[in-house]
Amino acid sequence: MTTAATNHVGTHVYPKQNPVDLQAAARRGAQRRRLWIWAGRIGVAVIVFGGWQLFTELGWVDKFFFGQPTQIWEALVKLFTEGTSFGSIWENIWITMQEALYGFVAGTLAGGLLGILLGSNKYLSAVMGPYIRIVNSIPRIVLGSIFMVAFGLGMFPKALLAAVLVFFVVFFNAFQGVREVDQNLVANVRVLGASPLQVAMNVTIPSAMTWIIASFHTALGFAIIGALVAEVLGAQQGLGLIISQAQGSFDPDTVFACMVIISVITLAAEYLIGLLEKSLLKWRPPNRSEAASI
Amino acid sequence: MADDSQRPSALREGAEDAARIQITGLTKRYLTPKGEVFTAIKDVALAIEPGQFCSIVGPTGCGKSTTLAQVSGLEKPSEGSVSVGNHVVDGITNGVSYMFQADALFPWKTVLNNVMMGPVLLGTPKREATDLARDWLRRVGLAGFEDRYPHQLSGGMRKRVAMAAALINNPRILLMDEPFGALDVQTKAIMQNELLQLWEELRPSVLFITHDLDEAVALSDRVVVMTSSPGSVKDVFDIDLPRPRGNVQHIRHEDRFLELQEQIWESLKDEVTRAYAKTAGAAA
Ligand SMILES: Nc1ncnc2c1ncn2[C@@H]1O[C@H](COP(=O)(O)OP(=O)(O)OP(=O)(O)O)[C@@H](O)[C@H]1O
Ligand SMILES: [Mg+2]
């Protein structure tokens, strides 16, 4: 490591090298760095999963409670080949995804609209402010139980819980977004003769949109959590139900297998949201979200 | 009377009087965050003839931007009034364009859509507005940049877009708040020449704020010096350099130019010193 560092300094100190050599050296350096990063990543995975496998194999950790990577893999294969007692795994994934999606859309729409409305109306925000803070401070997950009692075991209460969780994330962002609107831009359209509605359409909503879109990543996570938790509380189908069943029959491997499935879904959805963000926010200078996109 | 509310295209005929700005006894007070009353401008009186190019110079914080905000109708005066044409300004005045001190382009709109805003908000059909905007972008030398976003332009280019956006509605009154303040000397000179040329074509009345005395003398028919805060009109200088002025970089060296500039600086100097002493005193 130290020799590599001095080498690097060395190439910087002697400016007599010709540009082609320098470029090649730089490229080789970058390649080496990438290689090391990937080696490190794989190393971490090997240590975590290898250690887990080893410890459970040796009996230092009880695989009856904590599962085992190979068994998780088998459970995963079993889920996809044999299905579950509530229909095929695809069916269950689809149910959960639908709940999360409906919740996401409904929560985003409601949160965005209300956030923009309260953000642009001082009176309304003063009146509603305390109530929103109160509702925000109660543990909303508990609402799942109430929805279950009120609306039964179908998809609706799950989507509703997801929507409630999403709502607050988007709401606060939209509210803040409206508050942070550049007053110069507002003055600009007003001088050009814009009506209050046109001010909203041309300035307030577009600039609130950047904040709303920024909240989508968090909101998506909450949508999935909401759907899963509601399913665990009581359902006829869905990944949450599979998890709670596995828990009841002391089967940590299936629980972990479901976690893997959920992570894959979440990563895919995150990717789609990233694409959406990119196309909607293409007007923005590209450096701001760079740090967050590691 | 009636032609005042009409669209800019029809506005030209009655333009003579409609473009006169009359400021009388204009006072503006603000409430500071501490709850005190702060007088930003006091008893400003000023008349700008139709088609006249008038510059305002004054120490920083003396209330130049505040004066412009009252003329545009964005803010309401505490006392006194502004009349445009024969109407007392109350709310946004028709036919006024404003180039702000800070960048006021819409970052999420392309250059073309930024310039189009004016006509679109007046209800011009989209097609027509697009053609008009393209034409104006060409006039400010930005043909080919229609689809860029503001952050993809240089500072000078952004000012050009703002200028096109301000002039596209063919305003009878043009308010400009240090429009070229942040530009390098060469770009500034180019922009000044372009502005003069466009002004000769359209002949709006212009209220132009600047800290640059060269700029003020080179462009204006009249230069107003404001006192330090609370600002009021200290002196008014008529600039009798012949028009068209031609290249602003050349007239800078003429004797009459230097003479006028010297006079204005004499008047302004005390105010600048006083304003500085005041803020330095307040900080201590
Ligand atoms: N909304 C406001 N609330 C309180 N004070 C204000 C407000 N707007 C302006 N002021 C004060 O009024 C004074 C005049 O401000 P203004 O922006 O008109 O100055 P200016 O002459 O344009 O200065 P500069 O040349 O630096 O742009 C300043 O002291 C400023 O602090
Ligand atoms: Mg100012």
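First the proteins, then the strands, lettered A, B, ... as listed; each starts at 1.
Per-residue heavy-atom pair counts under 4.5 Å with chain A were compared for B/K109, B/M117, B/Q152, and the maximum is reached by B/M117. Highest contact tally toward chain A, considering only B/L175, B/V120, B/L121, is held by B/L121 [criterion: heavy-atom pairs under 4.5 Å].
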**Item:** side chain to side chain contact (heavy atoms under 4.5 Å, CB included) assessment of A/V191 paired with B/F100
**Value:** CA-CA 11 Å; A/V191 170; B/F100 292 88; 4.2 Å; yes
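Residue A/K282 comes nearest to B/Y149 through the heavy atom pair CE-OH, 3.3 Å, listed as atom of the first residue, atom of the second, then distance.
Looking at heavy atoms from C-beta onward, B/P150 lies out of side-chain contact with A/W283 at the 4.5 angstrom threshold. Taking the side chain as every heavy atom from C-beta outward, B/D103 and A/N184 never approach each other to under 4.5 Å. Contact of the B/F106 side chain with the A/V189 side chain is registered, since non-hydrogen atoms from C-beta on lie closer than 4.5 Å. A heavy-atom distance below 4.5 Å is not found between the side chains of B/P107 and A/D182.
Using a distance-only test at 3.5 Å, with no hydrogens or angles considered, a donor-acceptor pair links the side chain of A/N188 to the main chain of B/A104.
How far CD1 of A/I205 is from CH2 of B/W108: 11.0 Å, rounded to the nearest 0.5 Å.
Proximity to chain A (any heavy atom under 4.5 Å) is shown, for B/L74, by both the backbone and the side chain. With a threshold of 4.5 angstrom between heavy atoms, B/L105 approaches chain A through N, CA, C or O but not through any side-chain atom. Contacts of A/S195 with chain B are absent, with no heavy-atom separation under 4.5 Å from either backbone or side chain.
Surrounding CZ of A/F171 are more than 12 heavy atoms belonging to other residues, nucleotides or ligands, all under 6.0 Å away.
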